[in-house]
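So you know, we letter chains A, B, ... as the sequences are listed, proteins then strands, and number each from 1.
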There are 2 protein chains.
Amino acid sequence: MRDTRAELLIQAETLVRGRGYAGFSYADLAAAVGIRKASIHHHFPSKVDLGAALVAAYAARYAAALEAIRTEVADGPGRIEAYGQLYLGGVEQGLGCLCAALAIEGEALPERLRRAIAAFFADHLAWLEAVLRAGQADGSVRAGTDPAALARYVIATLEGALLMERLFASPDAFRGTLAVLVDGLRPR
Amino acid sequence: MRDTRAELLIQAETLVRGRGYAGFSYADLAAAVGIRKASIHHHFPSKVDLGAALVAAYAARYAAALEAIRTEVADGPGRIEAYGQLYLGGVEQGLGCLCAALAIEGEALPERLRRAIAAFFADHLAWLEAVLRAGQADGSVRAGTDPAALARYVIATLEGALLMERLFASPDAFRGTLAVLVDGLRPR
DNA sequence: GAAAATCTACCTACCTAATGGTAGACAAGA
DNA sequence: TCTTGTCTACCATTAGGTAGGTAGATTTTC
């Protein structure tokens with residue numbers, strides 16, 4: 001059996017991450033999946049519905065990855081390093097962050113999607129803050145800076161590096177930035 | 001006398017930085033400037049022409065700002081701090097980076113524009129590298145890390161912070177990230 | 001210096017293709 | 001038989017872009 005809905009989500013994610021939310025159309029998606037345009041509306045009545053489902057699936061995948069990192073990696077810098085590796089895949093495949101693609105639309109983004117990506121970032125910030133706080137407690141992360149501020153700084157660096165290094169198709173440069181980032185978190 | 005071309009550039013920049021390149025149309029721009037859609041084509045025959053002019057103007061403004069920083073601020077961290085302040089304005093006005101808005105379009109972006117924004121980032125990277133190298137030489141910037149890698153890391157952090165903090169409409173959080181960034185550049 | 005030609009900046013009217021979305025038919029499974 | 005998934009055939013709107021014209025300024029020519 002063929003799970004068309006799942007296939008639609010996969011292809012749509014690739015399109016949005018590759019060309020932006022406003023930059024892809026139902027016609028593109030139909031062609032990518034091998035289905036007629038109207039059939040997409042059966043699964044996702046409107047483009048906003050599709051966008052919301054995309055963010056939900058993306059967030060769920062990340063949530064699972066974050067959970068895995070927390071159980072498999074013990075120290076703070078190691079966890080941030082592993083977190084950064086999640087972004088690296090995007091650089092290697094030439095795909096940006098789904099939520100960055102949506103965030104760029106700013107005021108034109110439907111409120112529902114804006115809330116969804118804000119929640120995505122808020123979740124990551126909370127996870128990072130907890131990881132950094134624990135790292136400060138066990139001495140693996142340098143103390144003296146508010147973990148919440150550090151969390152924002154970590155996400156910003158990785159999102160920005162993904163944005164720029166995808167343009168330059170330069171995974172090595174991304175790794176370099178990740179190294180500088182992680183190194184700066186270690187105690188001095 | 002009314003300089004329509006300049007007005008078009010101003011309004012178009014606001015639109016692109018506010019909603020993305022694919023997210024604005026000649027009709028939007030015509031309405032913003034108070035001119036007919038067809039008249040825009042007199043100044044900018046195609047949307048790509050407009051986009052290229054936008055990047056050129058944006059890059060020129062930045063180039064002037066970078067030059068000013070170099071003459072007015074002496075130490076490395078101070079210069080990076082001043083550089084970061086340039087991004088802060090975007091957060092305060094709810095406008096992203098023009099080149100980030102274009103970069104998100106990825107593969108769908110016309111080659112000409114891709115080259116233009118790559119040059120934009122390359123210029124900034126060169127400036128930052130020189131600033132950081134000078135800072136390492138005069139002892140105001142921590143040594144031990146390749147200035148080129150440091151430059152990429154600086155841009156990434158600021159671009160990412162602008163992207164995220166604009167979404168959260170949080171200039172204070174941007175300032176916090178900038179502080180963490182600059183502080184990390186100081187000698188230990 | 002006047003007349004003619006040219007250029008600039010805008011206009012109305014239109015074009016074709018693409019946009020997101022809808023209506024209704026039809027076939028396969030449970 | 002009712003639901004699910006897909007189809008064809010539409011729809012109105014918007015996209016970027018073009019054709020051709022006009023009023024006013026500027027330049028060229030006699």
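- Terminal axes of the helix from C:dG1-D:dC30 to C:dA30-D:dT1 (five pairs each, C1' rotation axis) are separated by 10°, to the nearest 10°.
- DNA chain D lies under 4.0 Å from no heavy atom of any residue of residues 101-111 of chain A.
- Proximity of B:His42 to the phosphate of C:dA9: a side-chain N or O atom is located under 4.0 Å from OP1 or OP2.
- Between the CD1 atom in B:Ile35 and the CD atom in B:Gln11 there is a gap of 11.5 Å [rounded to 0.5 Å].
- Take B:Pro171 and apply the side chain to side chain contact (heavy atoms under 4.5 Å, CB included) test, not counting sequence neighbours, and it matches B:Leu88, B:Val91, B:Glu92, B:Arg175.
- Among residues at least two apart or in separate chains, ring-ring contact (aromatic ring centres under 6.0 Å, His included) pairs with a member in residues 10-33 of chain A are A:Tyr26-A:His41.
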Treating primed atoms plus P, OP1 and OP2 as sugar-phosphate and everything else as base, which nucleotides of nucleotides 12-21 of chain C get B, S or - for protein heavy atoms under 4.0 Å? BB-----SBB
Just do the side chain to side chain contact (heavy atoms under 4.5 Å, CB included) check on B:His43 and B:Leu50 with the steps written out, would you? CA-CA 8 Å; B:His43 300 276; B:Leu50 173 57; over 6 Å; no
Determine all donor-acceptor pairs shorter than 3.5 Å in which one atom belongs to a side chain in residues 71-80 of chain B; sequence neighbours excluded.
from    : atom 1 : to      : atom 2 : distance (Å)
B:Thr71 : OG1    : B:Ala68 : O      : 3.0
B:Asp75 : OD2    : B:Gly78 : N      : 3.1
B:Arg79 : NE     : B:Val73 : O      : 2.8
B:Arg79 : NH2    : B:Arg70 : O      : 3.1
B:Arg79 : NH2    : B:Val73 : O      : 3.3

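- Both the sub-6.0 Å distance and the 45° axial angle are not jointly satisfied by A:Arg17 relative to the ring of A:Tyr58.
- Each of A:Trp127, A:Phe120, A:Phe121 was compared with A:Tyr62 under the ring pair (Phe, Tyr, Trp, His ring centres under 6.0 Å) criterion, and only A:Phe120 meets it.
- Note: B:Tyr83 and B:Tyr87 have perpendicular aromatic rings, judged against thresholds of 30 and 60 degrees for the angle between ring planes.
- Rounded to a whole Å, the CG atom of B:Leu29 is 10 Å from the P atom of D:dG16.
- Looking at every heavy atom in both residues, B:Leu66 comes nearest to B:Leu86 through CD2-CD1, 4.1 Å.
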Could you walk me through whether B:Ile117 and B:Leu109 pass the side chain to side chain contact (heavy atoms under 4.5 Å, CB included) check? CA-CA 10 Å; B:Ile117 61 171; B:Leu109 197 68; 3.9 Å; yes
